[in-house]
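Remember, it's a predicted structure, so these values are computed and weren't measured experimentally.
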Amino acid sequence: MCDLCVINAVKDKMLSRRGFMTGSAASLAGAAAATLGSGATTPAMAAGHGTVVDMTHAYDDAFPTYFGQPGISADQAFNFKEHGFNLFNLAINEHTGTHVDAPLHFSADGQAVNEIPVSNLVCPLAVIDIAARAAEDADAQVTPDDIKAWISANGPIPEGACVAMHSGWASKSGGAEFRNADGEGKMHFPGFHVEAAKMLIEETGAKAIAVDTLSLDFGPSGDFATHYAWLPTNRYGIECVANLDKVPASGATLVVGAPAHRGGTGGPARIFAMV
């Protein structure tokens with residue numbers, strides 16, 4: 001069909017808002033039924049929840065990235081005034097904004113982002129708060145002692161959990177302080193110590209770790225030890241998480257809207273917590 005035909009068809013058949021919402025609701029209901037019918041269930045889905053917290057930063061070409069270059073560009077191919085609809089062509093660094101690190105990101109043959117089991121993307125959320133320490137030391141890390149303290153206060157790490165580091169860094173996402181590079185270009189921000197990652201692997205059934213910073217490893221890391229310990233076990237990571245201060249240490253369920261582009265090493269994700 002020619003472009004002009006498409007444009008005219010869109011103009012002639014624009015749905016009313018009411019019709020659109022009704023159709024959307026039906027589609028969502030159908031999708032939910034299909035998901036429930038697929039057998040991809042998880043214990044986290046059984047918990048009752050009252051509110052939803054968005055854990056995702058909105059991002060644009062000014063959002064800080066690990067290497068410093070813009071992580072997204074958008075070219076508007078169609079606009080509503082001229083064509084009756086809006087459409088952008090996007091060019092995106094997979095590891096931009098709130099995003100998933102798939103196992104393939106730091107392994108030769110780990111799961112690509114589309115291969116992460118969907119049952120691992122709906123998970124109990126365990127939040128380890130090191131914000132007070134990070135306020136004094138930008139290079140603070142989650143350690144095995146922090147995990148032990150969380151377990152002492154909240155009980156065992158739930159099976160299939162995402163263990164998240166709350167360092168308070170999300171509030172810095174609007175500027176250069178998020179990367180926090182020194183005069184030599186070395187970044188300084190909190191992350192998971194490799195021994196904490198190993199403890200979670202060896203002693204718990206956690207499937208993901210998450211940080212409110214640019215990397216699972218702390219900023220000065222030169223060897224990405226935590227990435228190399230965690231991701232090759234077919235566990236995944238989440239970076240640049242927002243609003244960890246708005247969820248409890250335990251009891252919430254995280255829903256990770258990971259992208260599904262075939263062979264991807266990760267990608268921007270819409271993530272929310274049911275509390």
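To the nearest 0.5 Å, atom CG of residue Asn93 and atom CG of residue Asp61 are 13.0 Å apart. Put simply, OG1 on Thr265 and CD on Gln111 are 13.5 Å apart, with the number rounded to the nearest 0.5 Å. Rounded to the nearest 0.5 angstrom, His193 NE2 and Ser221 OG are separated by 10.0 Å. In this structure, Ile151 CD1 and Glu203 CD are separated by 7.5 Å, a value rounded to the nearest 0.5 Å.
Asp139 and His188 are linked by a side-chain donor-acceptor pair at a separation below 3.5 angstrom, with hydrogens and angles left out of the test. Side-chain atoms of Asp109 and Ser107 form no donor-acceptor pair, as typed in the model, at a separation below 3.5 Å.
For the pair Pro190 and Arg133, the minimum side-chain heavy-atom distance is 4.5 Å or more. Glu239 is listed as a side-chain neighbour of Val211, based on a closest heavy-atom distance under 4.5 Å. Taking 4.5 Å as the limit, every side-chain heavy atom of Glu94 sits out of range of all side-chain heavy atoms of Pro259. Contact check for Leu214 versus Trp169: no side-chain heavy atoms found under the 4.5 Å cut-off. Side-chain contact between Gln76 and Asn86: present, with at least one pair of heavy atoms (C-beta onward) separated by less than 4.5 Å. At least one side-chain heavy atom of His49 sits less than 4.5 Å from a side-chain heavy atom of Thr253. For the pair Ile116 and Val256, the minimum side-chain heavy-atom distance is 4.5 Å or more.
Below 30°, between 30° and 60°, or above 60°: for Phe224 and His227 the angle between ring planes is above 60°, a perpendicular geometry. Ring geometry for His95 versus His105: interplanar angle under 30°, hence parallel rather than tilted (30 to 60°).
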Please table the atom pairs, donor to acceptor, closer than 3.5 Å between any side-chain atom in residues 62-74 and protein atoms at least two apart or in another chain.
{"residue": "Thr65", "atom": "OG1", "partner": "Gly68", "partner atom": "N", "Å": "3.2"}
{"residue": "Thr65", "atom": "OG1", "partner": "Gln69", "partner atom": "N", "Å": "3.3"}
{"residue": "Thr65", "atom": "OG1", "partner": "Gln69", "partner atom": "O", "Å": "2.6"}

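Summarising the geometry of Val163 relative to Phe192, their closest heavy-atom pair is O-CZ, 3.5 Å, with the distance given to 0.1 Å. Between Val142 and Ile147, the shortest heavy-atom distance links the atoms CG1-CG1, 4.4 Å. Minimum heavy-atom separation, Ala140 to Ala134: CB-CA, 4.0 Å. Heavy atoms only, all atoms of each residue included: Pro156 and Trp150 are closest at O-CZ3, 3.9 Å.
Counting only residues at least two apart or in different chains, ring pair (Phe, Tyr, Trp, His ring centres under 6.0 Å) contacts with residues 246-275 are absent. Counting only residues at least two apart or on different chains, the salt bridge (charged side-chain N to carboxylate O under 4.0 Å, His left out) pairs with a member in residues 256-275 are Asp54-Arg270.
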Original post:
Stepwise, does the side chain to side chain contact (heavy atoms under 4.5 Å, CB included) test hold for Val194 with Tyr228?
Top reply: CA-CA 9 Å; Val194 65; Tyr228 279 115; over 6 Å; no
**OP:** Show your reasoning for whether side chain to side chain contact (heavy atoms under 4.5 Å, CB included) applies to Arg235 and Ile201.
**Re:** CA-CA 9 Å; Arg235 292 169 171 84; Ile201 292 168; 3.8 Å; yes
**OP:** Might you work through the side chain to side chain contact (heavy atoms under 4.5 Å, CB included) test for Ser119 and Lys207, ending with a clear yes or no?
**Re:** CA-CA 10 Å; Ser119 58; Lys207 297 298 184 183; over 6 Å; no
Subject >> Stepwise side chain to side chain contact (heavy atoms under 4.5 Å, CB included) check, Cys240 with Phe178 >> reply: CA-CA 10 Å; Cys240 301; Phe178 198 59; 3.9 Å; yes
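When hydrophobic clusters are built by joining Ile, Leu, Val, Met, Phe, Trp and Tyr residues whose side-chain heavy atoms come closer than 4.5 Å, directly or via intermediates, Ile238 is grouped together with Val247.
A side chain to side chain contact (heavy atoms under 4.5 Å, CB included) with Met165 is found for exactly one of Asp146, Thr213, Val127, namely Thr213.
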